Amino acid sequence: MAVPDSFLKPYDPGATEDRIYSLWEKSGFFDPDDLPERNKNGEPFSIVLPPPNVTGTLHMGHAAMLAIEDIMIRYKRMRGYRTLWLPGTDHAAIATQSKVEKEIVKKEGKNRHDLGREEFLKRVGEFAKNSHDTIVNQVRKMGASVDWSREAFTLDEKRSFAVRTAFKRMYDMGLIYRGNRIVNWDPKGQTTISDDEIVYKEEKTKFYYFKYGPFVIGTARPETKFGDKYVVMHPDDARYAAYKHGQKIDLEWINGPITATVIKDASIDMEFGTGVMTITPWHSAVDFDIAERHKLDKEQIIDTFGKLLPVAGEFAGMKIAEARPKIVEKLRAKGLVEKEEDYVHNIATAERTGGLVEPQIMKQWFVGVNTRFEIPGAKKGSSSKTLKEIMKEAVESGKIKIIPDRFEKIYYHWIDNLRDWCISRQIWYGHRVPVWYRRAEIGDERLDIRDERSETREEVYVGVEAPEGEGWRQDEDTLDTWFSSGLWTFSTLGWPEETEDLKLYHPTDVLETGYDILFFWVARMILMTGCLLGDVPFKTVYLHGLVRDGKGRKMSKSLDNIIDPLDMIKKYGGDATRLSLIIGTGPGNDLKLSEDKVRGYKNFANKLWNITRFVLESAGGEAIDKAFEGYTDADAKLRKARRAFLEEITREMEEFKFYLVGEKLYHYAWHEFADKILEDSKKIFREGDEKAQRSRRQLLLHTLDDILRALHPFMPFVTEEIWRAMDRDQGMLMVQEWPIA
RNA sequence: GCGCGAUUAGCUCAGUUGGUAGAGCAAUCCCUUUACACGGGAAAGGCCGGGGGUUCAAGUCCCUCAUCGCGCACCA
């Protein structure tokens with residue numbers, strides 16, 4: 001076969017990659033239903049793409065994710081599996097809404113309330129659509145062999161149906177309930193957020209000791225103390241043995257005399273402060289629990305805008321920051337301040353808005369993680385479990401393996417601290433809570449008994465579709481975005497319908513994602529799949545790290561150190577970008593990326609290009625002979641070494657050590673094949689006899705053939721392009737066999 | 001506070017069940033030799049964070065300390 005003219009010039013990824021990608025797309029091989037017979041008869045292998053948020057564009061973290069998953073999929077495809085890699089995007093409720101609202105405020109000076117719910121949602125929808133198109137383009141540029149025919153969106157019609165079905169079923173199982181419980185309220189975003197959406201920041205503040213009747217109490221938050229009428233101590237604390245549980249004590253407090261009640265509770269730490277505290281159940285989760293245990297009154301002190309309520313008397317209407325020093329001043333004037341100390345603690349801020357999170361008691365929807373229920377499909381009565389138990393057992397039993405395994409410990413630890421999951425959000429963009437209300441007649445037996453704290457009696461309807469009849473209004477709230485993402489492995493496959501896809505591809509084989517969303521997403525998927533399908537969502541979790549800049553700093557706009565994957569692809573090609581994100585990092589570890597690294601792998605693509613040119617020129621038109629056995633002793637030895645090498649990397653592929661395989665292939669192709677074998681060949685072609693020359697020609701052809709196959713999952717574009725130049729009869733490289741059976 | 005990880009060549013990292021320290025990049029010197037200067041050749045570079053222990057043998061196992069990073073919990 002002749003050497004194509006294109007090989008006389010350096011390899012040009014820019015002129016190649018888009019063309020190759022559209023050839024792949026046209027082949028249909030991304031879709032498991034259109035794969036060659038070998039694959040269609042093979043075992044299914046499935047991955048769902050962690051759906052990128054439609055908040056803008058993809059970053060290097062996404063690019064790394066795409067590279068790793070494409071390696072897995074292409075490898076398995078070549079090994080004959082029936083591979084499905086299912087793409088999609090995430091509406092990312094609060095993230096997208098706040099991004100769009102910020103833009104509208106900036107450009108038009110209007111907020112979402114000025115536009116109204118309908119118009120605002122229309123605008124968010126347009127934004128999401130644009131983001132989606134950008135993202136899809138970027139996914140293509142990375143060479144990702146995803147099945148576009150099955151693309152999904154967490155907020156499209158099918159997924160919405162799945163969400164409503166899931167909500168309804170979990171409600172019927174008793175796992176979803178509505179209640180007045182303490183939640184994390186973000187006054188800036190005007191919504192609840194989950195425990196995992198809190199970012200703790202260190203803050204230096206004052207810690208005050210106040211005289212509270214005969215006691216001294218400590219606090220960092222004087223502004224919550226107005227309503228405190230319970231004073232709590234440990235039952236075993238000898239210092240306060242004289243005071244009995246339930247005892248009333250009259251004392252002078254901020255705004256005059258009050259009557260306090262003594263409560264003995266074992267949760268008090270005798271070592272901390274004075275061992276005595278007053279409680280504010282409305283604004284502290286710990287205090288709330290104490291109040292629940294002893295059935296104490298709860299009173300709201302701070303409103304949803306972070307201002308003090310009338311209970312604060314003269315301080316009512318003030319913001320916390322303004323009121324705090326004034327309150328302390330008043331207490332000091334009354335002689336109630338014992339002392340103050342400098343104090344460092346962590347304050348809770350909202351991840352999205354940066355607002356100071358204020359615990360509040362609110363009527364919200366929750367998923368009960370400690371509620372016992374029957375798992376669907378399991379033998380009756382045999383398996384009453386809690387969601388916590390399900391999540392724990394999925395990993396403990398080995399049904400799910402987390403790579404690297406140290407994250408299993410972190411996962412267990414998180415479950416141990418898990419509280420009921422608040423799923424309702426006071427934002428507009430997202431899945432509307434599928435619940436409808438109307439005023440109920442007194443004594444109506446359809447009253448929701450789980451809603452026991454409700455002040456107004458109302459009928460509650462939970463359903464997949466709106467109820468029949470007059471007077472119903474739907475819940476204004478939307479669901480936490482992770483509620484819909486939690487269904488992702490099966491909602492994308494057609495659930496709740498019992499589709500062929502669901503049977504074939506679920507549980508999925510691998511979930512590959514960043515360790516930073518282990519709790520947000522991975523754990524929630526295990527939870528949702530466990531209770532709705534009685535199964536696990538995936539068998540292996542492969543966690544990648546964060547992509548940082550060359551100095552190990554997080555990439556951010558303010559540091560101006562962002563490396564854009566599209567820039568890198570444009571300058572150095574998709575293959576080079578992929579390799580730079582694979583090599584030099586193991587699972588669970590952060591990756592330091594610099595432009596030099598990407599450049600280096602571009603050179604490697606060109607090296608492959610020139611290796612091919614040499615091999616083809618040397619072959620002088622001779623084709624690869626699959627059954628060739630006439631090797632010289634030296635070549636037979638090289639062939640044997642190559643087989644051993646390929647076996648080694650195949651083993652490592654099975655162990656998810658892609659970083660290692662990528663590096664070894666690089667080394668083998670360049671420093672073994674090119675530097676040694678090719679160089680030696682020159683002498684053989686100059687001086688060797690016919691047998692030696694023929695042996696060497698076949699060795700080169702076979703070695704290059706193996707290298708292209710093995711390297712294809714890592715560098716799909718350049719290997720496919722070379723493959724086309726070498727042999728047009730066999731069809732695409734992407735569906736050829738992996739070099740080792 | 002509890003837990004996890006990292007510490008190996010100038011930099012980024014490998015190092016499988018313990019058995020004489022590896023790769024890439026960078027740096028140094030040489031080479032425009034007909035696959036490739038997006039290249040080739042050569043040489044250089046390491047008390048494997050400190051200390052202790054187990055062992056015939058420790059980068060690897062155990063203990064301890066230090067520095068950096070991360071997660072969780074927060075205490076009123």
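Quick caveat, the model's predicted, so the values are computed rather than measured. Both backbone and side-chain heavy atoms feed into the values below; hydrogens, waters and symmetry mates do not. All chains are named by letter (A, B, ...) in the order of the sequence lines, taking the proteins before the strands, and each is independently numbered beginning at 1.
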Of A:D195 and A:M277, the one whose closest RNA chain B nucleotide lies more 5':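 Here A:D195 is the residue nearer the 5' end.
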
Do any side-chain nitrogens or oxygens of [X] fall under 4.0 Å of OP1 or OP2 in [N]?
X      : N     : value
A:Y666 : B:C25 : yes
A:W670 : B:G39 : no
A:N606 : B:G39 : no
A:H667 : B:A14 : no
A:K682 : B:A35 : yes

Is any NZ, NE, NH1 or NH2 atom of the basic residue among [X] and [Y] found under 4.0 Å from an Asp or Glu carboxylate oxygen of the other?
X      : Y      : answer
A:E340 : A:R332 : yes
A:R406 : A:E408 : no
A:D635 : A:R697 : no

Integer angstrom distance from the P of B:A66 to that of B:A27: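 The same atom, P, in both gives a distance of 39 Å.
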
Rounded to the nearest angstrom, tell me the gap between atom [atom1] in [X] and atom [atom2] in [N].
X      : N     : atom1 : atom2 : value
A:R548 : B:C13 : CZ    : C1'   : 16 Å
A:Y412 : B:A73 : OH    : C1'   : 20 Å
A:K664 : B:G22 : NZ    : P     : 14 Å

Shortest non-hydrogen contact from A:A576 toward A:V598: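 Of all heavy-atom pairs spanning A:A576 and A:V598, the closest is CB-O, 3.6 Å.
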
Considering all heavy atoms, the nearest A:L331-A:I254 contact: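 What the structure gives for the nearest pair is CD2-CG1, 3.7 Å.
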
Sole residue of A:N184, A:I320, A:D186 in side chain to side chain contact (heavy atoms under 4.5 Å, CB included) with A:E358: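 Of the listed residues A:N184, A:I320, A:D186, the side chain to side chain contact (heavy atoms under 4.5 Å, CB included) partner of A:E358 is A:I320.
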
Heavy atoms from C-beta onward define the side chain here; which of [options] lies closest to that of [X]?
X      : options             : answer
A:R406 : B:C38, B:C36, B:G5  : B:G5
A:K409 : B:C75, B:C4, B:G41  : B:C4
A:N417 : B:C36, B:C72, B:A23 : B:C72
A:V286 : B:C72, B:C38, B:C75 : B:C75
A:E679 : B:C72, B:G15, B:C36 : B:C36

Donor + acceptor pair across side chains of A:E672, A:H667 (<3.5 Å):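 There is no such pair between these side chains.
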
Mutual orientation of the aromatic rings belonging to A:H245 and A:H294 [parallel < 30°, tilted 30-60°, perpendicular > 60°]: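 Tilted, since the angle between the ring planes falls between 30° and 60°.
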
Parallel, tilted or perpendicular, as decided by the 30° and 60° cut-offs, for the rings of A:F7 and A:W609: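 It falls in the parallel class, under 30°.
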
Base of B:C36 paired with side chain of A:K607 (donor-acceptor, under 3.5 Å):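 It does, because a donor-acceptor pair links the side chain of A:K607 to the base of B:C36 below 3.5 Å.
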
Donor-acceptor pair present, A:E652 side chain and B:A14 base, under 3.5 Å: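 Per atom types, no contact qualifies.
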
Members of residues 206-219 of chain A that approach RNA chain B, where some heavy atom sits under 4.0 Å away: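 Of all residues in residues 206-219 of chain A, the ones placing a heavy atom under 4.0 Å from RNA chain B are A:F207, A:G218, A:T219.
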
Stretch residues 583-602 of chain A: residues that reach within less than 4.0 Å of RNA chain B through a heavy atom: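 Within this stretch, A:G584, A:N589, A:K592, A:K602 sit under 4.0 Å of the strand.
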
Audit row: A:T513, A:V522, side chain to side chain contact (heavy atoms under 4.5 Å, CB included) steps and yes/no: CA-CA 9 Å; A:T513 193; A:V522 180; 3.8 Å; yes

Donor-acceptor contact present, side-chain A:Q693 to main-chain A:I684, <3.5 Å: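 Yes.
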
Euclidean distance, A:I649 CD1 relative to A:K657 NZ, rounded to 0.5 Å: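 The CD1 atom of A:I649 is 13.5 Å from NZ of A:K657, to the nearest 0.5 Å.
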
Pairing annotation in dot-bracket form, given for RNA chain B with Watson-Crick or G-U pairs under 3.5 Å and | for cross-strand partners: (((((((..((((.....[..))))..((((.......))))......(((((..]....))))))))))))....

